[in-house]
Amino acid sequence: MAPQKTEDLNYYEILNVGLSASQQQIDKAYRIGKSSYSHGSMALYGLADEKERQATIEKIEEAYKTLGNIRKRKKYDIIILKKKTGDCETAYFRNSTEKLIIEDGEIKQSLWQQIKNIFHPQEK
Amino acid sequence: MDINGNSPLLSEPEDINRPIWAIGGGKGGTGKSFFSANLAIHLSQLGDKVLLIDADLGGPNLHTFLGIKETNVDLGHFITNKVKDLKDTQIPTPYERLNLIKGTENVLFTSNLNYFKKLKLIRHIKAFNTKRVIVDIGTGSSYNCIDLFLLSNPGILVINPEPTSIENAYYFLKSCIIRLLKLQVEQYKIQDLMKQVADQIQDTSKSIYSFLNEVISHDKFYADLLYRALTKFTPALVINKVRDEKDHLLGQSIVNVVQKYLVTNLNFLGVIPFDEKVHSSLKNFEPYFNNYNHSNVSASIKSIAKKLKNIQNGTSKD
(Lines give C-alpha, C1' and ligand atoms only; values in the text may rest on other atoms or scores of the structure.)
Protein backbone atom coordinates (compact mmCIF):
# COMPACT_ATOMS: atom_id res chain seq x y z
CA MET A 1 0.00 0.00 0.00
CA ALA A 2 1.44 3.36 -0.97
CA PRO A 3 1.99 6.01 1.71
CA GLN A 4 -0.53 8.83 1.59
CA LYS A 5 -0.66 12.58 2.02
CA THR A 6 -2.68 14.15 4.85
CA GLU A 7 -5.40 15.41 2.50
CA ASP A 8 -5.93 11.90 1.09
CA LEU A 9 -6.41 10.24 4.47
CA ASN A 10 -9.92 9.56 5.75
CA TYR A 11 -10.88 10.30 9.37
CA TYR A 12 -10.04 6.82 10.57
CA GLU A 13 -6.66 6.89 8.90
CA ILE A 14 -5.75 10.32 10.26
CA LEU A 15 -6.53 9.09 13.79
CA ASN A 16 -4.81 5.78 13.05
CA VAL A 17 -7.75 3.61 14.14
CA GLY A 18 -9.69 0.84 12.43
CA LEU A 19 -13.23 1.17 11.11
CA SER A 20 -14.53 -0.84 14.06
CA ALA A 21 -12.70 1.23 16.70
CA SER A 22 -14.61 1.76 19.95
CA GLN A 23 -15.36 5.23 21.29
CA GLN A 24 -12.62 4.73 23.91
CA GLN A 25 -10.07 3.92 21.20
CA ILE A 26 -11.13 6.98 19.21
CA ASP A 27 -10.84 9.20 22.31
CA LYS A 28 -7.35 7.87 23.01
CA ALA A 29 -6.28 8.26 19.36
CA TYR A 30 -7.55 11.85 19.39
CA ARG A 31 -5.51 12.66 22.53
CA ILE A 32 -2.37 11.15 21.00
CA GLY A 33 -2.97 12.88 17.66
CA LYS A 34 -3.55 16.23 19.33
CA SER A 35 -0.40 15.83 21.39
CA SER A 36 1.63 14.74 18.35
CA TYR A 37 0.65 17.74 16.23
CA SER A 38 0.15 20.45 18.84
CA HIS A 39 2.11 23.69 18.51
CA GLY A 40 5.66 23.12 19.76
CA SER A 41 5.26 19.34 19.81
CA MET A 42 8.65 17.70 20.37
CA ALA A 43 7.56 14.62 18.45
CA LEU A 44 7.24 16.68 15.27
CA TYR A 45 10.57 18.46 15.68
CA GLY A 46 12.44 18.55 12.40
CA LEU A 47 9.90 16.39 10.55
CA ALA A 48 7.10 18.71 9.49
CA ASP A 49 6.75 22.44 8.84
CA GLU A 50 4.12 24.70 10.43
CA LYS A 51 1.81 24.49 7.38
CA GLU A 52 1.76 20.69 7.42
CA ARG A 53 1.29 20.63 11.19
CA GLN A 54 -1.65 23.05 11.01
CA ALA A 55 -3.32 21.09 8.21
CA THR A 56 -2.96 17.85 10.12
CA ILE A 57 -4.25 19.18 13.45
CA GLU A 58 -7.29 20.69 11.70
CA LYS A 59 -8.03 17.36 10.06
CA ILE A 60 -7.65 15.58 13.42
CA GLU A 61 -10.15 17.99 15.02
CA GLU A 62 -12.55 17.46 12.10
CA ALA A 63 -12.13 13.71 12.38
CA TYR A 64 -12.86 13.69 16.09
CA LYS A 65 -15.94 15.93 15.70
CA THR A 66 -17.34 13.38 13.26
CA LEU A 67 -16.20 10.08 14.75
CA GLY A 68 -16.86 11.23 18.30
CA ASN A 69 -20.57 11.68 17.49
CA ILE A 70 -22.56 8.46 16.92
CA ARG A 71 -24.96 9.85 14.30
CA LYS A 72 -22.29 11.73 12.37
CA ARG A 73 -20.02 8.68 12.49
CA LYS A 74 -22.75 6.45 11.08
CA LYS A 75 -23.35 8.83 8.16
CA TYR A 76 -19.60 9.09 7.58
CA ASP A 77 -19.20 5.30 7.61
CA ILE A 78 -21.71 5.03 4.78
CA ILE A 79 -19.69 7.45 2.68
CA ILE A 80 -16.44 5.62 3.42
CA LEU A 81 -17.82 2.18 2.68
CA LYS A 82 -19.49 3.40 -0.49
CA LYS A 83 -16.15 4.72 -1.70
CA LYS A 84 -14.44 1.42 -0.84
CA THR A 85 -16.92 -0.69 -2.82
CA GLY A 86 -17.71 1.64 -5.71
CA ASP A 87 -21.37 1.83 -6.72
CA CYS A 88 -22.46 -1.40 -5.11
CA GLU A 89 -25.49 -0.42 -3.01
CA THR A 90 -25.75 -3.66 -1.10
CA ALA A 91 -22.17 -3.54 0.24
CA TYR A 92 -22.84 -1.38 3.27
CA PHE A 93 -26.19 -2.78 4.39
CA ARG A 94 -24.68 -4.66 7.33
CA ASN A 95 -23.53 -1.37 8.88
CA SER A 96 -26.72 0.60 8.42
CA THR A 97 -30.45 0.12 9.02
CA GLU A 98 -31.39 2.93 6.64
CA LYS A 99 -33.69 2.03 3.76
CA LEU A 100 -31.85 0.74 0.72
CA ILE A 101 -32.75 1.62 -2.84
CA ILE A 102 -33.03 -2.06 -3.80
CA GLU A 103 -35.95 -2.51 -1.39
CA ASP A 104 -38.16 -0.69 -3.90
CA GLY A 105 -36.67 -2.48 -6.87
CA GLU A 106 -38.27 -5.15 -9.02
CA ILE A 107 -38.15 -8.66 -7.71
CA LYS A 108 -36.13 -10.61 -10.22
CA GLN A 109 -37.34 -14.01 -11.20
CA SER A 110 -35.02 -16.91 -10.69
CA LEU A 111 -33.85 -18.81 -13.75
CA TRP A 112 -36.00 -21.79 -12.79
CA GLN A 113 -39.08 -19.54 -12.51
CA GLN A 114 -38.39 -18.15 -15.97
CA ILE A 115 -38.06 -21.66 -17.41
CA LYS A 116 -41.31 -22.72 -15.69
CA ASN A 117 -43.08 -19.70 -17.15
CA ILE A 118 -42.04 -20.76 -20.65
CA PHE A 119 -43.65 -24.20 -20.21
CA HIS A 120 -46.48 -23.12 -17.89
CA PRO A 121 -47.18 -19.46 -18.65
CA GLN A 122 -50.41 -19.32 -16.59
CA GLU A 123 -48.57 -20.24 -13.34
CA LYS A 124 -47.11 -17.45 -11.19
CA MET B 1 28.29 -8.46 -2.89
CA ASP B 2 28.73 -12.21 -2.40
CA ILE B 3 29.03 -14.80 -5.18
CA ASN B 4 25.26 -14.81 -5.69
CA GLY B 5 25.10 -11.03 -5.98
CA ASN B 6 23.58 -10.61 -2.49
CA SER B 7 24.67 -7.77 -0.26
CA PRO B 8 26.15 -9.20 2.97
CA LEU B 9 24.59 -6.31 4.88
CA LEU B 10 21.03 -7.23 3.93
CA SER B 11 19.14 -9.47 6.34
CA GLU B 12 18.82 -13.14 5.53
CA PRO B 13 15.63 -15.04 6.38
CA GLU B 14 17.32 -16.81 9.33
CA ASP B 15 18.29 -13.42 10.82
CA ILE B 16 14.76 -13.06 12.15
CA ASN B 17 15.53 -15.69 14.78
CA ARG B 18 18.87 -14.27 15.87
CA PRO B 19 18.50 -12.74 19.31
CA ILE B 20 20.63 -9.66 18.65
CA TRP B 21 19.49 -6.39 20.16
CA ALA B 22 21.44 -3.30 19.14
CA ILE B 23 21.05 -0.19 21.27
CA GLY B 24 21.52 3.11 19.43
CA GLY B 25 19.88 6.49 18.97
CA GLY B 26 22.17 9.03 17.44
CA LYS B 27 22.73 11.37 20.35
CA GLY B 28 25.27 10.84 23.13
CA GLY B 29 24.37 10.81 26.82
CA THR B 30 20.84 9.45 26.44
CA GLY B 31 21.55 6.42 28.61
CA LYS B 32 22.26 3.75 25.99
CA SER B 33 25.11 2.15 27.92
CA PHE B 34 23.21 2.37 31.22
CA PHE B 35 20.20 0.71 29.61
CA SER B 36 22.31 -1.95 27.82
CA ALA B 37 24.19 -2.90 30.98
CA ASN B 38 21.16 -3.06 33.27
CA LEU B 39 19.00 -4.86 30.71
CA ALA B 40 21.76 -7.47 30.37
CA ILE B 41 22.07 -7.85 34.17
CA HIS B 42 18.31 -8.32 34.50
CA LEU B 43 18.12 -10.91 31.72
CA SER B 44 21.03 -12.87 33.16
CA GLN B 45 19.27 -12.89 36.54
CA LEU B 46 16.18 -14.33 34.86
CA GLY B 47 18.32 -17.26 33.72
CA ASP B 48 19.26 -16.26 30.18
CA LYS B 49 22.81 -16.54 28.97
CA VAL B 50 23.67 -13.02 27.83
CA LEU B 51 26.56 -11.57 25.86
CA LEU B 52 27.06 -7.82 26.04
CA ILE B 53 29.18 -6.28 23.27
CA ASP B 54 30.53 -2.77 23.59
CA ALA B 55 30.67 -1.74 19.94
CA ASP B 56 30.89 1.96 20.79
CA LEU B 57 34.14 2.34 18.91
CA GLY B 58 34.54 5.99 19.81
CA GLY B 59 33.91 5.79 23.56
CA PRO B 60 33.33 2.43 25.24
CA ASN B 61 31.86 2.51 28.77
CA LEU B 62 30.01 -0.73 29.41
CA HIS B 63 32.82 -2.18 31.49
CA THR B 64 32.49 0.79 33.89
CA PHE B 65 28.78 0.14 34.38
CA LEU B 66 29.59 -3.48 35.22
CA GLY B 67 32.37 -2.58 37.63
CA ILE B 68 35.18 -4.00 35.45
CA LYS B 69 38.38 -1.97 35.32
CA GLU B 70 41.14 -3.77 33.46
CA THR B 71 41.07 -6.65 31.00
CA ASN B 72 43.64 -8.56 28.96
CA VAL B 73 41.57 -8.68 25.82
CA ASP B 74 38.99 -6.46 24.13
CA LEU B 75 37.27 -5.80 20.82
CA GLY B 76 40.34 -3.98 19.55
CA HIS B 77 42.34 -7.21 19.62
CA PHE B 78 39.83 -8.77 17.25
CA ILE B 79 39.70 -5.72 14.97
CA THR B 80 43.49 -5.53 14.71
CA ASN B 81 43.70 -9.32 14.07
CA LYS B 82 45.55 -10.11 17.28
CA VAL B 83 42.69 -12.46 18.09
CA LYS B 84 41.14 -14.47 15.28
CA ASP B 85 37.72 -15.27 16.71
CA LEU B 86 35.46 -12.73 18.39
CA LYS B 87 34.42 -15.45 20.88
CA ASP B 88 37.96 -15.35 22.30
CA THR B 89 37.50 -11.73 23.41
CA GLN B 90 34.64 -12.58 25.82
CA ILE B 91 35.35 -11.95 29.48
CA PRO B 92 33.30 -13.03 32.50
CA THR B 93 31.61 -10.38 34.62
CA PRO B 94 30.61 -10.30 38.31
CA TYR B 95 27.17 -11.47 37.13
CA GLU B 96 26.44 -15.13 36.51
CA ARG B 97 25.57 -15.98 32.89
CA LEU B 98 26.65 -12.54 31.68
CA ASN B 99 29.78 -12.15 29.55
CA LEU B 100 31.18 -8.96 28.12
CA ILE B 101 33.20 -8.08 25.03
CA LYS B 102 34.84 -4.91 26.25
CA GLY B 103 35.19 -1.96 23.93
CA THR B 104 38.60 -1.12 22.67
CA GLU B 105 40.84 1.47 24.23
CA ASN B 106 42.77 1.85 20.97
CA VAL B 107 40.21 4.37 19.83
CA LEU B 108 42.43 6.12 17.30
CA PHE B 109 43.05 3.03 15.22
CA THR B 110 39.75 1.22 15.56
CA SER B 111 36.96 3.80 15.59
CA ASN B 112 37.14 4.17 11.80
CA LEU B 113 36.56 0.59 10.75
CA ASN B 114 37.00 -0.15 7.08
CA TYR B 115 34.27 -1.98 5.17
CA PHE B 116 35.83 -5.45 5.33
CA LYS B 117 36.59 -5.27 9.03
CA LYS B 118 33.02 -4.22 9.64
CA LEU B 119 31.74 -7.19 7.61
CA LYS B 120 34.02 -9.48 9.61
CA LEU B 121 32.69 -8.06 12.88
CA ILE B 122 29.07 -8.49 11.74
CA ARG B 123 29.75 -12.06 10.60
CA HIS B 124 31.25 -12.98 13.96
CA ILE B 125 28.43 -11.33 15.91
CA LYS B 126 25.85 -13.26 13.85
CA ALA B 127 27.69 -16.51 14.60
CA PHE B 128 27.13 -16.31 18.38
CA ASN B 129 24.59 -18.83 19.61
CA THR B 130 24.13 -17.21 23.02
CA LYS B 131 20.50 -16.76 24.05
CA ARG B 132 20.74 -12.96 24.07
CA VAL B 133 23.31 -10.73 22.42
CA ILE B 134 23.09 -7.05 23.33
CA VAL B 135 25.24 -4.66 21.29
CA ASP B 136 25.82 -1.10 22.45
CA ILE B 137 26.60 0.67 19.18
CA GLY B 138 27.23 4.07 20.72
CA THR B 139 26.72 7.54 19.37
CA GLY B 140 26.28 8.87 15.85
CA SER B 141 24.87 7.83 12.50
CA SER B 142 28.00 6.54 10.78
CA TYR B 143 27.73 3.59 8.41
CA ASN B 144 29.27 1.39 11.09
CA CYS B 145 26.60 2.35 13.66
CA ILE B 146 23.78 2.01 11.15
CA ASP B 147 24.89 -1.37 9.81
CA LEU B 148 25.20 -2.76 13.34
CA PHE B 149 21.74 -1.37 14.15
CA LEU B 150 20.21 -2.92 11.03
CA LEU B 151 21.74 -6.25 12.04
CA SER B 152 19.46 -6.55 15.04
CA ASN B 153 15.95 -7.77 15.71
CA PRO B 154 14.85 -5.32 16.89
CA GLY B 155 17.15 -2.34 17.04
CA ILE B 156 16.36 -0.22 20.10
CA LEU B 157 16.47 3.58 20.06
CA VAL B 158 17.13 5.13 23.44
CA ILE B 159 16.27 8.82 23.53
CA ASN B 160 15.57 11.56 26.06
CA PRO B 161 12.44 13.74 26.11
CA GLU B 162 14.34 16.71 24.65
CA PRO B 163 14.16 18.26 21.17
CA THR B 164 17.89 17.69 20.56
CA SER B 165 17.67 13.99 21.32
CA ILE B 166 14.50 13.53 19.27
CA GLU B 167 15.96 15.42 16.33
CA ASN B 168 19.10 13.25 16.37
CA ALA B 169 16.98 10.11 16.65
CA TYR B 170 15.08 11.15 13.53
CA TYR B 171 18.37 11.75 11.68
CA PHE B 172 19.48 8.32 12.79
CA LEU B 173 16.23 6.69 11.62
CA LYS B 174 16.34 8.49 8.29
CA SER B 175 19.93 7.33 7.84
CA CYS B 176 18.88 3.74 8.58
CA ILE B 177 16.01 3.95 6.10
CA ILE B 178 18.11 5.48 3.35
CA ARG B 179 20.84 2.90 4.00
CA LEU B 180 18.25 0.11 3.74
CA LEU B 181 16.85 1.53 0.49
CA LYS B 182 20.34 1.96 -0.93
CA LEU B 183 21.21 -1.65 -0.15
CA GLN B 184 18.01 -2.84 -1.82
CA VAL B 185 18.65 -0.68 -4.85
CA GLU B 186 22.22 -2.02 -5.15
CA GLN B 187 20.90 -5.55 -4.73
CA TYR B 188 18.50 -5.16 -7.65
CA LYS B 189 20.86 -2.97 -9.69
CA ILE B 190 18.27 -0.27 -10.36
CA GLN B 191 20.45 2.48 -11.82
CA ASP B 192 17.84 5.24 -12.11
CA LEU B 193 16.51 4.59 -8.66
CA MET B 194 20.07 4.57 -7.33
CA LYS B 195 20.44 8.09 -8.58
CA GLN B 196 17.18 9.14 -6.92
CA VAL B 197 18.25 7.58 -3.64
CA ALA B 198 21.61 9.37 -3.89
CA ASP B 199 19.74 12.67 -4.44
CA GLN B 200 17.55 11.92 -1.45
CA ILE B 201 20.64 11.43 0.69
CA GLN B 202 21.91 14.85 -0.28
CA ASP B 203 18.51 16.49 -0.13
CA THR B 204 17.26 17.79 3.21
CA SER B 205 13.78 16.64 2.29
CA LYS B 206 11.77 15.80 5.36
CA SER B 207 9.54 13.08 4.12
CA ILE B 208 10.39 9.54 3.08
CA TYR B 209 6.89 9.01 1.79
CA SER B 210 7.19 11.80 -0.74
CA PHE B 211 10.32 10.03 -2.03
CA LEU B 212 8.44 6.72 -2.27
CA ASN B 213 5.55 8.40 -4.06
CA GLU B 214 8.03 9.72 -6.61
CA VAL B 215 9.42 6.23 -7.10
CA ILE B 216 5.87 4.88 -7.56
CA SER B 217 5.35 7.31 -10.41
CA HIS B 218 8.50 5.95 -12.11
CA ASP B 219 8.23 2.25 -11.44
CA LYS B 220 5.48 0.70 -9.32
CA PHE B 221 7.14 -2.73 -9.15
CA TYR B 222 10.38 -1.52 -7.61
CA ALA B 223 8.55 0.97 -5.43
CA ASP B 224 6.58 -1.93 -3.99
CA LEU B 225 9.84 -3.82 -3.44
CA LEU B 226 11.37 -0.90 -1.57
CA TYR B 227 8.21 -0.35 0.45
CA ARG B 228 8.14 -4.00 1.51
CA ALA B 229 11.80 -3.77 2.59
CA LEU B 230 10.89 -0.75 4.69
CA THR B 231 8.00 -2.50 6.40
CA LYS B 232 10.42 -5.14 7.69
CA PHE B 233 12.37 -2.44 9.52
CA THR B 234 10.62 -2.23 12.89
CA PRO B 235 12.88 -0.63 15.49
CA ALA B 236 11.85 -0.18 19.11
CA LEU B 237 11.83 3.00 21.19
CA VAL B 238 12.68 3.67 24.83
CA ILE B 239 12.48 7.14 26.37
CA ASN B 240 14.97 7.54 29.19
CA LYS B 241 15.22 10.18 31.94
CA VAL B 242 11.52 10.96 31.89
CA ARG B 243 10.48 13.57 34.45
CA ASP B 244 6.76 14.20 33.98
CA GLU B 245 3.50 12.69 32.75
CA LYS B 246 3.59 14.49 29.38
CA ASP B 247 6.72 12.56 28.49
CA HIS B 248 4.72 9.32 28.64
CA LEU B 249 2.45 10.58 25.84
CA LEU B 250 5.53 11.67 23.88
CA GLY B 251 6.36 8.03 23.04
CA GLN B 252 3.00 7.44 21.36
CA SER B 253 3.28 10.77 19.56
CA ILE B 254 6.68 9.84 18.18
CA VAL B 255 5.34 6.46 16.97
CA ASN B 256 2.47 8.28 15.23
CA VAL B 257 4.66 10.85 13.56
CA VAL B 258 7.39 8.40 12.49
CA GLN B 259 4.79 6.17 10.86
CA LYS B 260 3.47 9.11 8.85
CA TYR B 261 6.68 10.86 7.82
CA LEU B 262 9.26 8.08 7.83
CA VAL B 263 6.98 5.20 6.79
CA THR B 264 8.38 3.16 9.67
CA ASN B 265 6.58 1.20 12.39
CA LEU B 266 8.21 1.97 15.72
CA ASN B 267 7.48 -0.25 18.71
CA PHE B 268 7.20 1.91 21.80
CA LEU B 269 8.57 -0.19 24.67
CA GLY B 270 8.15 2.33 27.47
CA VAL B 271 9.76 5.04 29.55
CA ILE B 272 12.48 4.99 32.20
CA PRO B 273 12.09 7.70 34.85
CA PHE B 274 14.87 10.06 35.81
CA ASP B 275 16.63 9.00 39.01
CA GLU B 276 19.49 10.86 40.69
CA LYS B 277 20.70 7.53 42.14
CA VAL B 278 21.78 6.44 38.62
CA HIS B 279 24.37 9.19 38.62
CA SER B 280 25.54 8.51 42.17
CA SER B 281 25.78 4.74 41.49
CA LEU B 282 28.00 5.38 38.51
CA LYS B 283 30.24 7.76 40.45
CA ASN B 284 30.65 5.12 43.15
CA PHE B 285 31.24 2.30 40.61
CA GLU B 286 28.19 0.50 42.01
CA PRO B 287 25.81 -1.52 39.88
CA TYR B 288 22.46 0.31 39.92
CA PHE B 289 20.21 -2.64 39.16
CA ASN B 290 21.40 -4.79 42.06
CA ASN B 291 21.40 -1.97 44.64
CA TYR B 292 18.03 -0.49 43.64
CA ASN B 293 16.20 -3.53 42.35
CA HIS B 294 12.80 -2.24 43.52
CA SER B 295 13.08 1.28 42.16
CA ASN B 296 10.86 2.70 39.39
CA VAL B 297 13.84 2.64 37.03
CA SER B 298 14.43 -1.07 37.62
CA ALA B 299 10.70 -1.78 37.28
CA SER B 300 10.72 0.01 33.91
CA ILE B 301 13.71 -1.98 32.70
CA LYS B 302 12.00 -5.23 33.75
CA SER B 303 8.82 -4.24 31.89
CA ILE B 304 10.80 -3.28 28.76
CA ALA B 305 12.71 -6.58 28.90
CA LYS B 306 9.41 -8.48 29.00
CA LYS B 307 8.11 -6.61 25.94
CA LEU B 308 11.34 -7.26 24.07
CA LYS B 309 11.12 -10.98 24.80
CA ASN B 310 7.53 -10.97 23.54
CA ILE B 311 8.62 -9.26 20.31
CA GLN B 312 11.37 -11.86 19.92
CA ASN B 313 8.98 -14.73 20.56
CA GLY B 314 6.45 -13.26 18.17
CA THR B 315 8.91 -13.36 15.32
CA SER B 316 10.63 -16.62 16.17
CA LYS B 317 9.92 -19.62 14.02
CA ASP B 318 9.26 -23.00 15.72
Side-chain angles (χ1 to χ4, degrees), chain A residues 1-68 80 83, chain B residues 26-27 159-174 177 204-217 219-221 223-224 226-228 230-231 237 239 242 244-266 268:
Chain A
M1 196 176 85
Q4 293 171 289
K5 295 179 186 174
T6 305
E7 54 261 33
D8 297 334
L9 297 172
N10 66 40
Y11 291 159
Y12 288 97
E13 285 162 346
I14 196 82
L15 287 181
N16 216 4
V17 293
L19 285 172
S20 56
S22 66
Q23 194 53 48
Q24 250 184 333
Q25 286 169 324
I26 288 174
D27 290 341
K28 185 180 175 187
Y30 170 65
R31 275 200 310 274
I32 292 171
K34 226 178 139 185
S35 164
S36 306
Y37 294 94
S38 59
H39 182 71
S41 162
M42 270 199 283
L44 214 46
Y45 191 70
L47 276 191
D49 58 25
E50 181 58 23
K51 198 175 158 193
E52 168 79 28
R53 185 201 71 77
Q54 192 60 34
T56 309
I57 195 88
E58 279 168 12
K59 187 134 192 186
I60 288 173
E61 293 288 350
E62 225 177 86
Y64 186 63
K65 270 191 193 137
T66 304
L67 301 185
I80 292 280
K83 275 188 191 161
Chain B
K27 185 158 176 55
I159 67 170
N160 295 153
E162 291 152 6
T164 44
S165 176
I166 293 169
E167 190 178 29
N168 282 182
Y170 289 158
Y171 289 153
F172 183 80
L173 274 177
K174 276 194 228 177
I177 290 162
T204 49
S205 164
K206 292 165 196 155
S207 148
I208 300 288
Y209 79 62
S210 59
F211 162 70
L212 282 175
N213 275 326
E214 211 184 292
V215 173
I216 286 168
S217 63
D219 193 318
K220 200 170 180 306
F221 174 74
D224 190 50
L226 295 179
Y227 186 68
R228 277 169 203 258
L230 267 188
T231 55
L237 174 71
I239 306 183
V242 155
D244 63 45
E245 283 300 315
K246 281 188 208 164
D247 296 337
H248 289 254
L249 199 51
L250 179 61
Q252 286 297 336
S253 299
I254 291 174
V255 167
N256 231 0
V257 159
V258 163
Q259 193 177 50
K260 185 167 189 289
Y261 290 100
L262 301 184
V263 195
T264 298
N265 292 321
L266 261 187
F268 178 46

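Here is the naming used below: chain letters follow the sequence lines, and residue numbers restart at 1 for every chain. All values reported here derive from a predicted model rather than from experimental measurement.
Taking A:Y37 as the reference, nothing meets the ring pair (Phe, Tyr, Trp, His ring centres under 6.0 Å) condition, with sequence neighbours excluded. Take A:Q24 and apply the side chain to side chain donor-acceptor pair (under 3.5 Å) test, not counting sequence neighbours, and it matches no residue.
The contact list for residues 26-34 of chain A toward chain B, using heavy atoms and a distance under 4.5 Å, reads A:R31, A:I32, A:G33 by residue number.
If you take OG on A:S35 and CG on B:N256, they are separated by 9.0 Å, rounding to the nearest 0.5 Å. Atom OG of A:S36 is separated from atom CG of B:L249 by 7.0 Å, given to the nearest 0.5 angstrom.
At least one side-chain heavy atom of A:L47 sits under 4.5 Å from a side-chain heavy atom of B:K174.
One N or O on the side chain of B:Y170 and one on the backbone of A:A43 form a donor-acceptor pair closer than 3.5 Å.
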Donor-acceptor list for residues 161-168 of chain B side chains, cut-off 3.5 Å, not counting sequence neighbours:
{"unit_1": "B:S165", "atom_1": "OG", "unit_2": "B:N160", "atom_2": "N", "d": "2.9"}
{"unit_1": "B:E167", "atom_1": "OE2", "unit_2": "B:Y171", "atom_2": "OH", "d": "3.3"}

Test log, rule salt bridge (Lys or Arg N to Asp or Glu O under 4.0 Å), inputs B:K260 and A:E52: CA-CA 12 Å; B:K260 185 167 189 289; A:E52 168 79 28; 2.9 Å; yes
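Neither the backbone nor the side chain of A:S41 has a heavy atom closer than 4.5 Å to any heavy atom of chain B.
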